[in-house]
Amino acid sequence: MGSDKFSLKGKSAVLFDMDGVLYDSMPHHAKAWSKTFSDFGMHMDLTQVYMNEGCTGSYTISRVSLAQRGYDATPEEVERIYAHKAELFRSMPEVEIMPGALDLMHRVRDCGMKILIVTGSGQKALIDRVLRDFDEFMVRERMVTSFDVSRGKPFPDPYLKGLEIAGVDASQAVVVENAPLGIQAGVAAGIDTIAVNTGPLPDSVLLEEKPCALFHSIRELADCWDSLL
Ligand code: CA
């Protein structure tokens, strides 16, 4: 699909998702979720991990519990399960910055657009790392995390909060997302959403959520950025 017809004209802010967009962290999350659910007597395969990507840990745990056990997890159990997953994630090797992500940030900044990060993550270590790795472009006040909204993706709330912080209308912003539920959240907030398929799902699954363009890597999006202006 690429960028046919899509233009960044009139856009003044870019709202970046984090996992699978700025960091190549999804393989780690997939392993950690899969092990966690099996440790708690449930299961989650790779496709399910990527289909659930973007929403908060508690939302994922509720969905899996209801589907597999027929009842929701209690708040205490959600906390235990999520803490276990977070611990496994922390014990893994450090995730890499997504190839092309820093170059993309430079291009966005050079064309005068505001940069925000809107993530469903509540991984403090990774959030702190963003502020170091992208320190040229980012301060904590321009990040929306699972600590900042009560309803995460696929609800539009995190992206609406991002618009409020950026001080722009939906029509002046663009979202960069890699996950179906993340694209759903961006579109639900009324924002043109660029899909970047950095994972194992087929393009068709992302296209169903009606992104305005689809790329296959952050590198590809960075290389095309100036031609979209
Ligand atoms: Ca993501």
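A quick note: this is a predicted structure, and the numbers were derived from the prediction, not measured.
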*Asks:* Hydrophobic side-chain clustering at under 4.5 Å (ILVMFWY, transitive links): who's grouped with L181? Put none if nobody.
*Replies:* none

*Asks:* Does a side-chain heavy-atom distance below 4.5 Å link V187 with E209?
*Replies:* no

*Asks:* According to a hydrophobic-cluster definition based on side-chain heavy atoms being under 4.5 Å apart (Ile, Leu, Val, Met, Phe, Trp, Tyr only), do L88 and F40 belong together?
*Replies:* no

*Asks:* Any side-chain to backbone donor/acceptor pair from T36 onto A32? Under 3.5 Å, distance only.
*Replies:*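 Yes; at least one donor-acceptor contact below 3.5 Å.
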
*Asks:* How long is the gap from CG on D148 to CD on E141, to the nearest 0.5 Å?
*Replies:*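 Those atoms lie 10.5 Å apart.
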
*Asks:* Give, for atom SG of C55 and atom CD of Q184, the distance between the pair rounded to the nearest 0.5 Å.
*Replies:* 10.0 Å

*Asks:* Hydrophobic clusters here meaning ILVMFWY residues chained together by side-chain heavy-atom distances under 4.5 Å, can you tell me if F147 and F155 are in one?
*Replies:* no

*Asks:* Are the side chain of R140 and the backbone N or O of M143 linked by a donor-acceptor pair below 3.5 Å?
*Replies:*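 Indeed, once roles are kept as given, a pair shorter than 3.5 Å links the two residues.
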
*Asks:* I'd like to check the side-chain contact (heavy atoms from CB on, under 4.5 Å) partners of S171; sequence neighbours left out, ordered by chain and number.
*Replies:* D169

*Asks:* Could you check M105, M113, K114 and say which one makes a side chain to side chain contact (heavy atoms under 4.5 Å, CB included) with V14?
*Replies:*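 For V14, the side chain to side chain contact (heavy atoms under 4.5 Å, CB included) test succeeds with only one of M105, M113, K114, which is M113.
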
*Asks:* For a quick test of reading the model, state the closest non-hydrogen atom pair linking D103 to A222 and the distance between them.
*Replies:*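 Where D103 meets A222 most closely, the heavy atoms are OD2-CB, 3.9 Å.
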
*Asks:* Taking the side chain as every heavy atom from C-beta outward, state whether Q172 and S12 have any atom pair closer than 4.5 Å.
*Replies:* yes

*Asks:* For the residue pair T145 and S121, what are the closest heavy atoms and their distance?
*Replies:*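 Heavy-atom minimum between the residues: CB-O, 3.6 Å.
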
*Asks:* Any side-chain heavy atom of V196 within less than 4.5 Å of one from V21?
*Replies:*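 The answer is no; the side chains never approach within 4.5 Å.
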
*Asks:* Listed by chain and number, what are the side chain to side chain donor-acceptor pair (under 3.5 Å) partners of R129, not counting sequence neighbours?
*Replies:*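 Result, side chain to side chain donor-acceptor pair (under 3.5 Å) vs R129: D133.
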
*Asks:* Under the side-chain contact (heavy atoms from CB on, under 4.5 Å) criterion, do S38 and H43 qualify, and how do the steps go?
*Replies:* CA-CA 5 Å; S38 100; H43 61 87; 5.7 Å; no

*Asks:* Taking the side chain as every heavy atom from C-beta outward, state whether I194 and F6 have any pair of such atoms under 4.5 Å apart.
*Replies:* yes

*Asks:* Applying ring-ring contact (aromatic ring centres under 6.0 Å, His included), name anything that partners F37, two or more places apart in sequence or on another chain.
*Replies:*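 F37 satisfies ring-ring contact (aromatic ring centres under 6.0 Å, His included) with W33 once adjacent residues are dropped.
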
*Asks:* Could you grab the distance from atom OG of S150 to atom CG of D157, nearest 0.5 Å is fine?
*Replies:*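 It is 6.5 Å, given to the nearest 0.5 Å.
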
*Asks:* Run the side-chain contact (heavy atoms from CB on, under 4.5 Å) test against D72 and tell me which residues pass, sequence neighbours left out.
*Replies:*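 Residues passing side-chain contact (heavy atoms from CB on, under 4.5 Å) with D72: S62, L66.
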
*Asks:* For a quick test of reading the model, state the closest non-hydrogen atom pair linking A30 to Y50 and the distance between them.
*Replies:* CB-CE1, 4.3 Å

*Asks:* R142 side chain to A166 main-chain N or O, any donor-acceptor pair under 3.5 Å?
*Replies:*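 Such a contact is absent between R142 side chain and A166 backbone.
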
*Asks:* Could you work out, with side-chain contact (heavy atoms from CB on, under 4.5 Å) as the rule, every residue matching T74, not counting sequence neighbours?
*Replies:* E76, E77

*Asks:* Are the side chains of N197 and N178 in touch, meaning some heavy atoms are under 4.5 Å apart?
*Replies:* no

*Asks:* Is the shortest side-chain heavy-atom distance between F215 and C224 below 4.5 Å?
*Replies:*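 A side-chain contact exists here, since the closest heavy-atom pair is under 4.5 Å.
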
*Asks:* To the nearest 0.5 Å, how far apart are CE in M98 and OG in S25?
*Replies:* 7.0 Å

*Asks:* Say whether, by atom type as modelled, one donor and one acceptor occur between the side chain of D135 and the main chain of L131 under 3.5 angstrom.
*Replies:*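 No, the answer is negative, given that no donor and acceptor are paired below the 3.5 Å cut-off.
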
*Asks:* Given the rule that I, L, V, M, F, W and Y join up when any side-chain heavy atoms are under 4.5 Å apart, are Y59 and F89 in one cluster?
*Replies:* no

*Asks:* Quick one: are T119 and F16 in side-chain contact, heavy atoms under 4.5 Å?
*Replies:*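 No, every pair of side-chain atoms sits at 4.5 Å or beyond.
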
*Asks:* E94: which residues meet the side chain to side chain donor-acceptor pair (under 3.5 Å) condition with it, sequence neighbours left out?
*Replies:* none

*Asks:* Do D223 and R219 meet the salt-bridge criterion of a basic N to acidic O distance under 4.0 Å?
*Replies:* yes

*Asks:* Per the ring pair (Phe, Tyr, Trp, His ring centres under 6.0 Å) rule, what does the pair list look like for residues 116-142, sequence neighbours excluded?
*Replies:* Y23-F134, H106-F137

*Asks:* Taking NZ, NE, NH1 and NH2 as the nitrogens, is one of them in D226 or R107 under 4.0 Å from a carboxylate oxygen of the other?
*Replies:* yes

*Asks:* Side chains of V174 and L8: closer than 4.5 Å at any heavy-atom pair?
*Replies:*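 The answer is yes; the side chains approach within 4.5 Å.
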
*Asks:* Whether the side chain of T56 engages the backbone of S146 through a donor-acceptor N/O pair (distance < 3.5 Å, no angle test) should be reported.
*Replies:*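 Judged by distance alone, no pair lies under 3.5 Å.
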
*Asks:* Could you work out the complete set of other residues in the hydrophobic cluster of M92, with links drawn between I, L, V, M, F, W and Y side chains under 4.5 Å apart?
*Replies:* none

*Asks:* Quick test of your reading of the model: are D128 and R132 salt-bridged, counting only N-O distances below 4.0 Å?
*Replies:*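 No.
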
*Asks:* Assess the side chains of K85 and H29: does a donor N or O sit below 3.5 Å from an acceptor N or O?
*Replies:* yes

*Asks:* Is the side chain of E220 donor-acceptor paired with the backbone N or O of H216 at a distance under 3.5 Å, no angle test?
*Replies:* yes

*Asks:* Would you mind listing the cluster partners of V144? Hydrophobic ones only (ILVMFWY), side-chain contacts under 4.5 Å, chaining allowed.
*Replies:* L15, L116, V118, V149, Y159, L160, L163, I165, V168, V175, I191

*Asks:* Just checking E96: does its CD atom have more than 12 heavy atoms from other residues, nucleotides or ligands closer to it than 6.0 angstrom?
*Replies:*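 Atom CD in E96 is not packed in, count stays at 12 or less.
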
*Asks:* Each residue besides Y71 in its hydrophobic cluster should be listed here, by chain and number; the cluster joins Ile, Leu, Val, Met, Phe, Trp and Tyr at side-chain heavy-atom distances under 4.5 Å.
*Replies:* none

*Asks:* Scan for salt bridge (charged side-chain N to carboxylate O under 4.0 Å, His left out) pairs involving residues 15-32, sequence neighbours excluded, and state none if there are none.
*Replies:* D17-K153

*Asks:* For Q68, look at atom CD and say whether over 12 heavy atoms of other residues, nucleotides or ligands are found less than 6.0 Å away.
*Replies:* yes

*Asks:* How long is the straight-line distance from CG of L206 back to OG1 of T198, given to the nearest 0.5 Å?
*Replies:*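 It is 8.5 Å, given to the nearest 0.5 Å.
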
*Asks:* If I take atom CG from residue L214 and atom CG from residue L221, how far apart are they, to the nearest 0.5 angstrom?
*Replies:* 10.5 Å

